[in-house]
Amino acid sequence: MSLGIYALLAFSPILLAGILLIGLRWTAARSMPLVYLLSVLVALFAWDMTFTRVIASTLQGLIVTIGVLWIIFGAILLLNTLKHSGGIAAIRAGFVSISPDRRIQAIIIAWLFGCFIEGASGFGTPAAIAAPLLVALGFPAMAAVMLGLMVQSTPVSFGAVGTPMIVGVTTGLNMESINATLEAGGSSWAVYFHQIVVDVVLTHAIVGTLMPTLMVLFLVRFFGKNKKWSDAFSVIPFALFAAFAFTIPYVLTGMFLGAEFPSMLGGLTGLAIVTLAARKGFLVPKQSWDFADPKDWPNEWLGNVEIKIDDLSARPMSTFRAWTPYVIVAALLVISRVFKPVGDAMKSVSISFSNILGEAGIGGSFEPIFLPGGILVIAVLCTFFIHRMRWRELAAATSESSRILLGAGFVLLFTVPMVRILINSGVNESGLESMPIMMAEWVANTVGSVYPLFAPTIGALGAFIAGSNTVSNMMLSQFQFGVASNLGISTAFIVAVQAVGAGAGNMIAIHNVVAAAATVGYLGREGAILRKTIWPTLYYVTVAGIIALIAIYGLHVTDILETVQTAAAQS
């Protein structure tokens, strides 16, 4: 069969998911079992994967699913605990004191707080934390999930203290070979990697500066009383201010400190600056904006995690004490990710499996304390004492959270194993590359010299499949490097826009959508979410691709590897 046919077969599970979820508006619970079955059939009969490897990949996916569900459970449990402790009432009052304007609240919580949490933790945590917090403040569940997913863009490439770059790109490229070439020319891998980091941070900053504006535009257009874009115009100056409050320290940190801290320090700095500015009324519109009365909301907007102010505990609580659980979460995430001895101690509690069913390279682990889910549960236990709760209140919160978890668990039982089958399909009896690589090769062969325009889309496709910027970079960085080498263009810049596109792909990654929806009880309407988050994703990869074309063919950017190779060829 031709490369095009193989690429179409590899793409068919993703295409089926799109048709069922977006086109036919099926629920993920109904769609994903069929998508999983199709991926199994393609793996067995087109890729000649062994049945054992397919089953091993499925089991590996189930291990990953346990970790995802643990994060969801922790986020829901913290929300419900704060509901019963009275913390949500105080948090809600605190945000109203900053600004009652829902557009301002969305920017501060979804964009800035979300960017900080992404920088500290990554792996879908911002949506899992920000979405239920927004619901608690009175946002429709659908709007909360949309905003929580939209922040899964600019900060993602440096999420989890730089994991997508430090682990994803480094292990995705043939570092030994590249380093040997660089050292022969008097340079090093560190210099080359720094160039990639700088290219990533600059591209993200340019594209991401409009993300807070898009957030408020989508918020007023889809969820406003008037459903008019113009309702966002008055807050655009504040949105741009919030964007620069994040992107400027983000860029400076990436350029001078490296890949570990851009999102975390950018988010923290921006959160401090913008919150203070909002309190002072700087650039805040004179006319506040709010949703219509909740009783007028359509059912499509609503989840089954609803917090009514009348249901909340009446015990008085300061805003600081109410926010303490989230401060604990942020502090534990930072400490465990930055201080290696602490992280290693938390990782020591682990259930791990290697070479499942004897299949080399297929394994997984579950680290209940180190994962964000464990940290969220620790914060819940601290909240019990800090908020002086009763045991029956904690028991009620736990019971409510467990019930919500069941729906997400069923969907993810099929979604994540499907992903692992596609990723692990490179080991087969047909000699074919993995399915994601075959799709990427077809795109590269089809578009030729304008490939830089499509390189971010390849990265996004990898993240859509894997639900992870890190895994997309691991799968596709070497492929992107090879295409750039063949075209004679900057390999560093093409690898960089791979990472940028992979960050944007998190907005539409199916298991990210399911995980975020589960935290607010919005399961079953994933297609409706995707129909909204696909637009900022398309914006992101298109603009990043245009930047890549201009940089490579207009500005003629080069990298240290090109310079070394050119010098070697001339000598």
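All figures in this text were calculated on a predicted structure; none of them were measured in a lab.
Note that the CG atom of Leu219 and the CE atom of Met150 stand 9.5 Å from one another [nearest 0.5 Å]. Here the CG-OG1 distance, from Leu413 to Thr65, works out to 6.0 Å after rounding to the nearest 0.5 Å. Between Glu118 atom CD and Phe113 atom CZ the span is 12.5 Å, to the nearest 0.5 Å. For the atom pair CG of Asn445 and CG of Asn486, the computed distance is 9.5 Å after rounding to the nearest 0.5 Å. With rounding to the nearest 0.5 angstrom, the CG atom of Leu538 is 7.5 Å from the CD1 atom of Ile508. With rounding to the nearest 0.5 Å, the separation of CD in Glu526 from CG in Leu20 is 12.0 Å.
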Open item on the list: Run the ring pair (Phe, Tyr, Trp, His ring centres under 6.0 Å) test on Tyr540 and His204 for me, step by step, so that the C-alpha distance in whole Å, both residues' side-chain angles and the decisive distance to 0.1 Å come before the verdict.
Closed with: CA-CA 9 Å; Tyr540 220 98; His204 262 314; 5.6 Å; yes
- [ ] For Asp48 and Asn428, run side-chain hydrogen bond (donor to acceptor under 3.5 Å, both in side chains): C-alpha distance rounded to whole Å, both residues' side-chain angles, the deciding distance at 0.1 Å, then the answer.
- [x] CA-CA 6 Å; Asp48 288 332; Asn428 53 65; over 6 Å; no
- [ ] Show your working on ring pair (Phe, Tyr, Trp, His ring centres under 6.0 Å) between Phe291 and Phe139 and close with a plain yes or no.
- [x] CA-CA 8 Å; Phe291 304 106; Phe139 281 65; 5.1 Å; yes
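Between Trp297 and Leu302 the shortest side-chain heavy-atom distance falls below 4.5 Å.
Contact detail for Asp559 and Thr491: the closest heavy-atom pair is OD2-N, 3.0 Å. Between Ser157 and Asn469, the shortest heavy-atom contact is OG-ND2, 3.2 Å. Heavy-atom minimum distance, Ser472 versus Gln498: OG-NE2, 3.1 Å. Here the closest non-hydrogen pair linking Ser263 and Tyr250 is OG-CE1, 3.6 Å.
Proximity of a side-chain donor or acceptor of Tyr36 to a complementary backbone N or O of Val419 within less than 3.5 Å is not detected. With Asn355 contributing its side chain and Gly361 its backbone, the two residues share a donor-acceptor pair below 3.5 Å. Distance alone, capped at 3.5 Å, is enough to place a donor-acceptor pair between the Thr519 side chain and the Ala516 backbone.
In this structure, Arg525 forms a cation-pi arrangement with Tyr522, its terminal cationic atom sitting closer than 6.0 Å to the ring centre and no more than 45° off the ring axis. Judged by the 6.0 Å and 45° rule, Lys532 forms no cation-pi pair with Phe218.
For the pair Arg53 and Glu359, the salt-bridge criterion is met [side-chain N within less than 4.0 Å of a carboxylate O].
Dense packing is recorded around CH2 of Trp229, with more than 12 heavy atoms of other residues, nucleotides or ligands lying under 6.0 Å away. Heavy atoms of other residues, nucleotides or ligands lying less than 6.0 angstrom from CZ of Phe222 number more than 12.
Tested against Tyr6, the residues Phe11, Trp442, Trp47 include a single ring-ring contact (aromatic ring centres under 6.0 Å, His included) partner, Trp47.
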